[in-house]
Amino acid sequence: MLHRRTFLAGVLGLLAAPLQRARAAAPSDEASGALGSSRYAYVSPLRSDGSESACHGEVWFGWLDDRVVVITGSERWKARALVRGLDRARIWVGDYGAWKRLGVTNDDFRKGPTFDARARKVTDPALLDGLMAEFRRKYPDEIGKWEPKMRAGFADGDRTLIAYEPL
C-alpha cells in the first residue's frame with residue numbers, strides 16, 4: 001500500500017522537475033550578459049549525432065523573450081536544417097569577426113560564451129516586428145537597407161524567422 005508521505009514526495013518531485021529544467025535552460029551569466037550587449041551570435045545547427053555542422057556564420061540576432069531570434073534566407077543551412085528535422089544548435093555570443101573570409105576560417109568565436117538551444121521556425125509577425133525593432137536599435141546604420149528585404153522575404157517565404165531557445 002502506498003503511504004501518504006511517499007505519494008506526496010512523488011507528486012512534489014514531479015512538480016519540481018519542470019522548474020529544475022527551466023533553471024537549467026538559462027544561459028550562464030557570461031552568456032546572458034553577452035546576449036544583452038553583443039552585436040553578433042555565431043550559430044551552428046547540430047547534426048543528428050550531436051556534432052556541429054560546418055556552418056558557424058556570424059549573424060545579426062535579437063535576444064527576445066529569452067530566445068535568440070534570427071531571420072535568414074530560407075535556402076540557407078540554418079533554415080534547411082530545420083526542414084530536415086535538425087532542431088538543435090550551438091550558439092556562441094560576441095564579436096569575433098567574420099567566421100570565413102576568402103576560404104580562411106576564423107575560430108576565435110569559440111572563445112566566447114556558448115550554449116545549446118532548440119530551434120523552431122516562427123511565423124508570428126509580432127515576433128518579426130520585435131526583431132526589427134531590436135535590429136533598428138543594434139544596427140542603426142545598416143538596417144534601413146535590410147529591413148524592407150527581410151520583411152518582404154518573411155511575407156513571401158524567401159526568409160525564415162528562427163527562434164533558438166536555450167536547452
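Under 4.0 Å is where a charged nitrogen must lie from a carboxylate oxygen, and between Glu52 and Arg110 at least one such pair does. Comment: Asp65 engages Arg67 in a salt bridge, judged by a side-chain N to carboxylate O separation of less than 4.0 angstrom.
Counting heavy atoms from C-beta on, the side chains of Trp92 and Pro113 never come closer than 4.5 Å. At least one side-chain heavy atom of Leu161 sits less than 4.5 Å from a side-chain heavy atom of Leu127. In this structure, the side chains of Phe135 and Trp146 stay at 4.5 Å or more apart for every pair of heavy atoms.
The heavy-atom pair separating Ala79 from Gly73 by the smallest distance is CB-O, 3.7 Å. Nearest heavy atoms, Ala117 versus Tyr164: CB-CB, 3.8 Å. Of all heavy-atom pairs between Ser32 and Pro27, the closest is OG-O, 3.5 Å. Residues Val70 and Trp60 come closest through the heavy atom pair CG1-O, 3.6 Å. Across Trp63 and Pro166, no two heavy atoms sit closer than the pair CH2-CG, 4.1 Å. Here the closest heavy-atom approach between residue Phe115 and residue Ala31 is recorded as CD2-CB, 4.2 Å.
For Arg151, the salt bridge (charged side-chain N to carboxylate O under 4.0 Å, His left out) partners at least two apart in sequence or on another chain are Asp129, Glu147.
Side-chain atoms of Thr160 and Thr72 include no donor-acceptor pair closer than 3.5 Å.
Less than 6.0 angstrom separates the ring centroid of Tyr42 from the ring centroid of Phe109.
In terms of modelled atom types and a separation under 3.5 Å, the side chain of Lys138 and the main chain of Ser37 share no donor-acceptor contact. The backbone N or O of Arg47 sits nowhere less than 3.5 Å from a side-chain atom of Ser51 that would complete a donor-acceptor pair. No donor-acceptor pair closer than 3.5 Å links the side chain of Lys78 to the backbone N or O of Ala89. The main-chain N or O of Ile91 is found under 3.5 Å from a side-chain atom of Thr114 such that the two form a donor-acceptor pair. Listed for the Tyr139 side chain is a donor-acceptor partner under 3.5 Å among the backbone atoms of Arg39. A donor-acceptor contact shorter than 3.5 Å links the side chain of Arg80 to the backbone of Glu75.
Cluster annotation: Leu82 and Phe61 are assigned to the same hydrophobic cluster (Ile/Leu/Val/Met/Phe/Trp/Tyr, side-chain heavy-atom contacts under 4.5 Å, transitive). Residues Leu64 and Val122 fall within the same hydrophobic cluster, defined by Ile, Leu, Val, Met, Phe, Trp and Tyr side chains chained together at heavy-atom separations under 4.5 Å. There is no path of hydrophobic side-chain contacts, each under 4.5 Å, that joins Val43 to Leu86.
Note that the OG atom of Ser48 and the CZ atom of Arg88 stand 9.5 Å from one another [nearest 0.5 Å]. For the atom pair Arg159 CZ and Leu128 CG, the distance stands at 10.5 Å (nearest 0.5 Å). Note that CD1 of Ile143 and CZ of Arg136 are 7.5 Å apart. Values are rounded to the nearest 0.5 Å. Annotation: the span from Phe154 atom CZ to Leu131 atom CG amounts to 10.0 Å, rounded to 0.5 Å. For the atom pair CZ of Arg120 and OG1 of Thr123, the computed distance is 8.5 Å after rounding to the nearest 0.5 Å. Here the straight-line distance linking atom CD1 of Ile71 with atom CD1 of Ile162 works out to 9.5 Å at 0.5 Å rounding.
Under a cut-off of 6.0 angstrom, the local environment of CG in Asp29 is sparse, with at most 12 non-hydrogen atoms contributed by other residues, nucleotides or ligands.
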